[in-house]
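Quick note on labels: first sequence line is chain A, next is B, and so on, each numbered from 1. All values derive from a computational prediction rather than experimental measurement.
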Protein chains: 2
Amino acid sequence: MNSDYSLAVHSLTLLSIMPDRMSSSSALAESASVHPVRIRKVLSMLRQHGLVETKEGTGGGFILSAEPDQVTLWEIYQITSEGSLQPKCSEANKQCLVGANMELVLSTIFTDAESHLGAFLQQYSIADMVNQVQQHSHSL
Amino acid sequence: MNSDYSLAVHSLTLLSIMPDRMSSSSALAESASVHPVRIRKVLSMLRQHGLVETKEGTGGGFILSAEPDQVTLWEIYQITSEGSLQPKCSEANKQCLVGANMELVLSTIFTDAESHLGAFLQQYSIADMVNQVQQHSHSL
DNA sequence: ATAAATGTAATGTTTAGAATTACATTTACC
DNA sequence: GGTAAATGTAATTCTAAACATTACATTTAT
């Protein structure tokens, strides 16, 4: 799956650990080892869906604007990666019975599969991510 | 998801429509609009798992070597695309609590998610693909 | 023998992902 | 009000992965 997803989960987890102050794109970028501009792009999608608030100018940055236990991995998937389960099909030969219909048949099945995936991912919230990340670090 | 998957499903569906003679990589390639060498590569994976038999030399080609209703979309996924649900993570900063553990936490969740996907895809066989492709073509 | 096929490695081409640069805009603070 | 620190976003460059293409060894029917 595309890496915007893990970057979004990563960022939201960090933000939920620092709920009381703004984090800059540079700080988030350093933790994820990516370019700050990319953080701004991905978090801009999250902002459009109300998951974070942003503030420009000195002292600005990003801050979580939802309850960590209300933001699920499914919601993040929908924002950053919806449709990515769909197997890519090169444009097949429409003269052929299979070529003409395979894409539609597969697409129907995988749309269904993605909604099953949704039910599964809905079980996990950003709050769970924080817990699990902390548990793992304790067991080191 | 990667396109080897849809190419494999496409090819197996075609082969199961022509169960009594060998199909050449050129013929399969024409239906899927890809290069014959790519067909040979993908079907070579399927051969290693016993789904098709191949024969070199004049009159050779590919033929299904399993019952269409016994070959599931899950088995094909495992052969061509296992792990592709896993969200890509760039190597994060290990100094950071989140950076150090996020990959493992996500990977655990998505390994589980992939096995749920498996249960879903196991419902569909190549025989179902043939049926659905044919039904769609009748409704045109 | 020859022609038709797969097997596979090597190479080139295209495309998508990501970084980088550039710059406009916003905002805090002196 | 001026400056520095931040986001927003478009344009560009760089890189890696996907895919096609070429090349050639091998197999096999006729």
Rounded to whole angstrom units, what separation is found between the CD atom of A/E56 and the C1' atom of D/dA5? 12 Å
Specify the separation, in whole Å, of atom CD1 of B/I39 and atom P of C/dG7. 12 Å
Is a side-chain N or O of A/D112 found less than 3.5 angstrom from the main chain of A/I109, in a donor-acceptor match? no
For a quick test of reading the model: is some side-chain N or O of B/S24 closer than 4.0 Å to OP1 or OP2 of C/dA4? no
Pairs under 3.5 angstrom, nitrogen or oxygen only, protein versus nucleotides 28-30 of chain C, please.
| residue | atom | partner | partner atom | Å |
| --- | --- | --- | --- | --- |
| C/dA28 | OP1 | A/K55 | NZ | 3.3 |

Can a donor-acceptor pair be found between the side chains of B/R38 and B/S3 at a distance below 3.5 Å? yes
Where the side chain of B/N2 meets the backbone of B/T80, is there a donor-acceptor pair that is under 3.5 Å apart? yes
Atom CD of A/E30: over 12 foreign heavy atoms under 6.0 Å: no
Do B/F120 and B/Y77 have ring centroids that are under 6.0 Å from one another? no
What is the distance, rounded to the nearest whole Å, between atom CG of A/L43 and atom P of D/dT9? 12 Å
More than 12 heavy atoms of other groups within 6.0 Å of A/Q95 CD: no
Taken to the nearest 0.5 Å, the spacing of A/L14 CG from A/I126 CD1 works out to 10.0 Å
How many Å lie between CE on B/M45 and P on C/dT6, as a whole number? 16 Å
side-chain N/O B/S25 vs C/dT6 OP1/OP2, d < 4.0 Å: yes
B/S/- along nucleotides 15-22 of chain D (protein heavy atoms under 4.0 Å) is ----SSBB
Atom CZ of B/R21 and atom P of C/dA5 are separated, to the nearest Å, by 12 Å
Integer-rounded Å distance: D/dA6 P and A/L28 CG: 12 Å
Hey, what do you get for OG (B/S137) to CG (A/L97), rounding to the nearest 0.5 Å? 5.0 Å
Take atom CE of A/M1 and atom P of C/dG17, then tell me their distance rounded to the nearest Å. 14 Å
Spacing between A/M22 atom CE and D/dA6 atom P, to the nearest angstrom: 12 Å
Just checking B/E67: does its CD atom have more than 12 heavy atoms from other residues, nucleotides or ligands closer to it than 6.0 angstrom? no
Remember a base hit wins even if backbone is also touched, and classify B/S26 as base, sugar-phosphate or nothing at under 4.0 Å, heavy atoms. nothing
